[in-house]
**Q** 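Structure provided below as structure tokens; questions to follow.
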Amino acid sequence: MIFHDFGMDTASLAGSLDTKLAAVREAGFSQVMITAADIVGHPGGTAAGVRAVRGSGLEVTGLEALRDFEGLGGQLGAYKVDVAKAMLELCASLGGRLLLVEASTSRHAGTDPEAIAADLARLAVLAVPLGIRIAYKAVPWSRTARDFRAAADLAMRVASPNVGVAVDAFDVLASGVPMDDLDVLDPEQTFLVQISDYMWHEVRTAEEEAATATHFRVFPGEGAHSDALAQFVSRLDSIGYYGNYSFDVYNDDYLQMPPEVVAGRARRAAVWLAETVLRRALPVPNVERLRAARG
């Protein structure tokens with residue numbers, strides 16, 4: 001039983017890297033989003049972490065996350081370029097082909113769109129020889145791109161085939177972005193969709209949104225926004241997105257649970273999305289395989 005279109009994020013699980021990889025694989029997923037800290041923090045060293053991923057049999061969805069890269073100048077900008085080079089090399093060593101870049105939240109970051117696009121273009125040039133794509137993700141409290149519309153505009157300004165966007169369902173739902181606005185996305189330049197829900201019906205402040213995003217997400221089908229989440233996935237399908245979905249579920253409670261139990265919750269979420277949501281918008285690649293996964 002293998003899920004081909006859905007993967008998990010190692011940040012959603014407790015335990016060692018080896019334990020996380022085993023839980024993801026045993027839950028039936030074929031791919032995993034790797035948090036860089038899980039590799040460099042491996043007790044055997046970075047090389048051992050790389051070997052663990054490569055030997056797991058799992059495809060690397062991508063590596064996360066390069067943060068506060070764009071909009072910085074001078075010595076700080078040069079420092080971030082060095083950080084980016086190291087992360088790109090780590091991504092390549094894992095066999096990954098995507099680096100997640102989160103929009104800058106630094107107070108030192110400038111907001112000029114052309115300057116930001118130039119920084120992303122510089123990153124794209126560094127990534128090309130390694131065969132890595134840059135998935136630029138908006139952050140609601142960012143200074144440079146607060147939602148996927150702004151991220152898509154900046155990616156378009158870069159005009160490089162290896163620069164696209166990552167869309168986070170949580171940010172769309174929590175910010176109340178109209179589903180119609182998803183139509184601005186180019187499915188060919190949408191490199192990743194991260195998906196999760198949350199328990200309360202609304203977030204009332206920016207501080208609550210940030211806290212929920214980093215501590216209280218839940219898997220699709222478990223939260224208070226299943227209908228909206230179904231609309232989100234169906235809308236992406238209708239515009240032609242056939243890429244990967246990664247369960248990006250940061251939850252402090254899950255980090256106190258056995259990783260195989262949490263991975264089992266992700267498995268149920270994948271079945272729910274495949275059977276209850278995606279089948280409404282046929283034809284969908286892999287849907288028959290996913291429907292058979294119940295057996």
**Q** With sequence neighbours left out, write down each residue that passes side-chain hydrogen bond (donor to acceptor under 3.5 Å, both in side chains) with Asp68, or none if nothing qualifies.
**A** Ser104, Thr105
**Q** In plain terms, say whether Arg146 and Asp171 are close enough for a salt bridge, that is, a side-chain N and a carboxylate O under 4.0 Å apart.
**A** no
**Q** Check the pair Leu21 / Leu17 against side chain to side chain contact (heavy atoms under 4.5 Å, CB included), numbers first and verdict last.
**A** CA-CA 6 Å; Leu21 295 172; Leu17 175 62; 3.9 Å; yes
**Q** Between His42 and Ala37 (side chain of the first, backbone of the second, donor and acceptor by atom type, cut-off under 3.5 Å), is there such a pair?
**A** no
**Q** Say whether Leu273 and Met179 are linked into one hydrophobic cluster, either directly or through other cluster members, by side-chain heavy-atom distances under 4.5 angstrom.
**A** yes
**Q** Between Lys20 and Leu13 (side chain of the first, backbone of the second, donor and acceptor by atom type, cut-off under 3.5 Å), is there such a pair?
**A** yes
**Q** Does Arg107 use its side chain to pair, donor to acceptor, with the backbone of Arg143 at less than 3.5 Å?
**A** no
**Q** Is there a path of hydrophobic side-chain contacts, each under 4.5 Å between heavy atoms of I/L/V/M/F/W/Y residues, joining Val81 to Leu66?
**A** yes
**Q** Before you tell me yes or no, could you show the steps for Tyr136 and Thr144 under side chain to side chain contact (heavy atoms under 4.5 Å, CB included), namely the whole-Å CA-CA distance, both residues' side-chain angles and the distance that decides it to 0.1 Å?
**A** CA-CA 11 Å; Tyr136 185 53; Thr144 55; 3.2 Å; yes
**Q** Please name all residues satisfying side-chain hydrogen bond (donor to acceptor under 3.5 Å, both in side chains) with Ser226, sequence neighbours left out, ordered by chain then number.
**A** none
**Q** If you measure from CZ on Phe232 to CZ on Phe170, what distance do you get to the nearest 0.5 Å?
**A** 12.5 Å
**Q** Hey, what do you get for CG (Asp183) to CD1 (Ile239), rounding to the nearest 0.5 Å?
**A** 6.0 Å
**Q** Could you tell me which non-hydrogen atom of Asp38 sits nearest to which non-hydrogen atom of Ala11, and how far apart they are?
**A** OD2-N, 4.4 Å
**Q** Do Asn162 side-chain atoms and Ala124 backbone N/O form a donor-acceptor pair below 3.5 Å?
**A** yes
**Q** Can you see which heavy atom on Ala174 is nearest to which on Glu209, and at what distance?
**A** CB-OE2, 3.9 Å
**Q** Verify, without hydrogens or angle tests, whether Ser142 (side chain) and Ala138 (backbone) share a donor-acceptor contact under 3.5 angstrom.
**A** no
**Q** Ile134 and side-chain contact (heavy atoms from CB on, under 4.5 Å): which partner among Val158, Leu88, Leu100?
**A** Leu88
**Q** In Å and rounded to the nearest 0.5 Å, what is the CZ to CD distance from Phe69 to Glu102?
**A** 14.5 Å
**Q** Side chain of Gln31, backbone of His4: donor and acceptor closer than 3.5 Å?
**A** yes
**Q** So how far is it from Thr190 OG1 to Leu185 CG, rounded to the nearest 0.5 Å?
**A** 4.5 Å
**Q** Which pair of heavy atoms, one from Tyr245 and one from Val233, lies closest together, and at what distance?
**A** OH-CG1, 3.7 Å
**Q** Between Ser246 (side chain) and Asp248 (backbone), is there a donor-acceptor pair under 3.5 Å?
**A** no
**Q** Indicate whether the side chain of Asn244 and that of Thr61 have a donor and an acceptor atom separated by less than 3.5 Å.
**A** no
**Q** Find out if a path of hydrophobic residues (ILVMFWY) with successive side-chain heavy-atom gaps under 4.5 Å connects Tyr250 to Trp141.
**A** no
**Q** Is a side-chain donor or acceptor of Asp197 paired with a backbone partner of Glu222 at a separation under 3.5 angstrom?
**A** no
**Q** Quick one: side-chain contact (heavy atoms from CB on, under 4.5 Å) partners of Pro178, sequence neighbours excluded?
**A** Arg149, Asp181
**Q** So, for Ala117 and Leu154, which heavy atoms are closest and what is the spacing to 0.1 Å?
**A** CB-O, 4.3 Å
**Q** Run the numbers on Thr35 and Glu64 for side chain to side chain donor-acceptor pair (under 3.5 Å), then give the verdict.
**A** CA-CA 5 Å; Thr35 298; Glu64 65 173 8; 3.2 Å; yes
**Q** Checking Ser12 now: which residues fulfil side-chain contact (heavy atoms from CB on, under 4.5 Å) with it, not counting sequence neighbours?
**A** Met8, Asp9, Val249
**Q** Say whether, by atom type as modelled, one donor and one acceptor occur between the side chain of Arg25 and the main chain of Ser56 under 3.5 angstrom.
**A** yes
**Q** Go through it in stages, so that I can follow the logic: the residues are Val184 and Phe148, the test is side chain to side chain contact (heavy atoms under 4.5 Å, CB included), and I'd like the CA-CA distance, side-chain angles, deciding distance and then a yes or no.
**A** CA-CA 9 Å; Val184 307; Phe148 67 85; 4.0 Å; yes
**Q** Are Ile116 and Val83 connected into the same hydrophobic cluster when the rule is that any two of I, L, V, M, F, W, Y join if their side-chain heavy atoms are below 4.5 Å apart?
**A** yes
**Q** So if you build clusters from Ile, Leu, Val, Met, Phe, Trp, Tyr with side-chain heavy-atom gaps below 4.5 Å, do Phe191 and Val163 land together?
**A** no
**Q** Quick check against the 3.5 Å criterion: does Ser234 have a side-chain atom that pairs as donor or acceptor with the backbone of Gln231?
**A** no
**Q** Flag this pair as yes if the NZ/CZ of Arg265 is under 6.0 angstrom from the six-membered ring centre of Tyr254 and inside a 45 degree cone about the axis; otherwise no.
**A** no
**Q** Which value, rounded to the nearest 0.5 Å, describes the distance between Leu130 atom CG and Leu90 atom CG?
**A** 11.5 Å
**Q** Can you confirm whether Glu188 is buried at CD, in the sense that more than 12 heavy atoms of other residues, nucleotides or ligands lie under 6.0 Å from that atom?
**A** no
**Q** Locate the shortest heavy-atom distance separating Ser196 from Leu173; write the atom from each residue and the value.
**A** O-CD1, 4.4 Å
**Q** Any idea which heavy atoms bring Thr212 and Tyr198 closest together, and the distance?
**A** CG2-CB, 3.8 Å
**Q** Could you work out, with side-chain contact (heavy atoms from CB on, under 4.5 Å) as the rule, every residue matching Val125, not counting sequence neighbours?
**A** none
**Q** Should the ring pair Phe247 and Phe219 be called parallel, tilted or perpendicular, given that the plane angle runs from 0 to 90° and is split at 30 and 60?
**A** perpendicular
**Q** Could you measure the distance from the CZ atom of Arg122 to the CD atom of Glu70? Nearest 0.5 Å is fine.
**A** 11.5 Å
**Q** Among all residues two or more places apart in sequence or in another chain, which pass the side-chain hydrogen bond (donor to acceptor under 3.5 Å, both in side chains) test with Asp252?
**A** His215
